[in-house]
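So the structure is just underneath, and the comments pick up after that.
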Amino acid sequence: MNVYTHALQVVAAGSAAGVIVVLVVGLAVAAALVWSVRFGLRVRRREQDPRRPDDPTHHASPPPDAEATPETRQRREPDEVPRAGDESERLTPHDLEHHGSRPAENQTRPRWSGGSGGSFGSGGPGGT
């Protein structure tokens, strides 16, 4: 019988020695965690700072946006999904192909109607 098996039997017996074994193991685990955190902090202090102001790759300000893409706003509407020829025919995924969206004909921005708040619980009169 090894030490590990004996310790398990002592813990299982529910005696005071079992409580002491559990306490000692818990303290050992806590000490190992504290040691590993302190060791990691020491290693981190010894490492160089990854960003130095004299580093040529370090930019104090963002690069000029001469090549920036301008923002575009447009309304889009979905492409139509193909329908099956008759009721008994099923469409499979390869029949559907890729259907994305296209620019909408009406590009005016939609507005809320006068008496509506536009969201649930906004205090408006609602649709009832």
Side-chain angles (χ1 to χ4, degrees):
M1 185 164 37
N2 62 17
V3 176
Y4 180 72
T5 308
H6 181 67
L8 286 178
Q9 288 177 349
V10 169
V11 170
S15 64
V19 172
I20 292 173
V21 168
V22 169
L23 185 65
V24 168
V25 169
L27 288 174
V29 168
L33 289 172
V34 168
W35 177 84
S36 63
V37 167
R38 294 186 81 198
F39 178 74
L41 289 174
R42 265 187 269 143
V43 168
R44 195 168 185 183
R45 278 189 206 120
R46 278 188 253 140
E47 291 178 351
Q48 284 187 354
D49 186 18
R51 292 189 188 185
R52 294 183 322 224
D54 60 335
D55 188 8
T57 60
H58 182 266
H59 298 288
S61 62
D65 51 354
E67 299 177 14
T69 305
E71 180 180 336
T72 59
R73 291 180 183 241
Q74 61 175 263
R75 294 191 54 209
R76 307 217 26 112
E77 56 188 26
D79 288 335
E80 293 296 321
V81 177
R83 301 229 178 248
D86 63 23
E87 296 282 328
S88 63
E89 184 183 351
R90 278 183 34 182
L91 292 177
T92 57
H94 70 273
D95 292 330
L96 294 176
E97 300 171 359
H98 172 71
H99 292 282
S101 62
R102 61 184 181 276
E105 289 181 21
N106 182 5
Q107 289 292 320
T108 59
R109 188 171 168 197
R111 300 289 180 185
W112 298 110
S113 60
S116 170
S119 65
F120 178 75
S122 63
T128 57

Next item on the list: Give a yes or no answer on whether the side chain of Arg102 reaches the backbone of Pro78 with a donor-acceptor pair at less than 3.5 Å.
Entry: yes

Notebook entry, point to check: Is there a path from Leu41 to Leu33 through hydrophobic residues (I, L, V, M, F, W, Y) whose side chains come within less than 4.5 Å of each other?
Noted result: no

Next item on the list: Count the heavy atoms of every other residue, nucleotide or ligand shown that sit under 6.0 Å from CD of Glu105, and state whether that count exceeds 12.
Entry: no

Item checked: Side-chain touch Arg75/Pro103, heavy atoms, less than 4.5 angstrom -> no

Note to self: Arg73: which residues meet the side chain to side chain contact (heavy atoms under 4.5 Å, CB included) condition with it, sequence neighbours left out?
What the structure shows: Glu71

